[in-house]
Amino acid sequence: MKTILVVEDEQKIVQLVRDYLENAGFQVDSAADGQAAVEKTRQTKPDLLVLDLGLPGMDGLDVIRAVRRDSTVPIIVLTARAEESDKLVGLELGADDYITKPFSPKELVARVRTVLRRVENAPDMREVIRAGDLTLDLARMRLEVAGREVELTPTEFQLLAVLTRQPGRVFTRSQLLDAVQGVAIESYERAIDAHIKNIRKKIEPDPRQPRYISMIYGVGYRFNEE
Ligand code: CA
């Protein structure tokens, strides 16, 4: 059974989330402040964290920083609308997904399942990535779209590999920039937009209405799940 650690100081929300997650077959643990969250994560090694950013004392972003020092546990961040910019920072610090308050508990359960599925598919070890019609052969740096070979530059290939490894996940421009750091690239986030535009021209049937790669306004890009 997977254990979810819910970090939230509002007991009503903890109870609600607990009920839904337990009904969905998860074991649920909770922490009411950041310090307790960091300690519990180290000691009990939960399978996923649902982390509210608005916590007394050590805030949620500090919790992500502390947890990420020695753990890759998936983290779903809860943010209030007033904390919109925090969701970006949260993703950059290594959170896996975010949900805006007020949220539907059903939606949260669905996100928890999706993030856990992503992690289980442990894509890093795979030599060949298949996502929708796309096949990326990592060793040969070859891309096929619906059986047709498409030429990409090394930077474009690297970017597409990052996106297709985790369909459905939103990446910020600066995360994408980090991901292609091994490749010569202008150290400027807008460069990502230019590369994405080029990739779209090569793989999208209609680049003006992209089917594979979506831009998430104010955040970055995502390779769409089927
Ligand atoms: Ca709170």
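Both counts, for ligands and for their atoms, begin at 1 and track the order of listing. For this chain, numbers begin at 1 and follow the sequence in order.
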The atom name of the N, O or S atom in D9 nearest to the Ca ion (ligand 1) is OD1
With Q15 as partner, the option from R18, K12, Q11 fulfilling side-chain contact (heavy atoms from CB on, under 4.5 Å) is R18
Shortest non-hydrogen pair, E204 vs Y212, comes out as OE2-N, 2.9 Å
The atom of E8 among N, O or S that is nearest the Ca ion (ligand 1) is OE1
For this session: Considering only NZ, NE, NH1 and NH2 on the basic side and carboxylate oxygens on the acidic side, decide whether D133 and R211 come within less than 4.0 Å.
Result: yes
Check the surroundings of atom CD in E149: do more than 12 heavy atoms from other residues, nucleotides or ligands lie under 6.0 Å from it?
yes
Modelled atom types, side-chain donor and acceptor of R222 and N224, under 3.5 Å
yes
Item to check | Any N, O or S atom of L53 closer than 3.0 Å to the Ca ion (ligand 1) | outcome: no
Discussion item. Just checking: E10, one of its N/O/S atoms, less than 3.0 Å away from the Ca ion (ligand 1), yes or no?
Written reply: no
Looking at D52, the N/O/S atom that lies nearest to the Ca ion (ligand 1) is called OD2
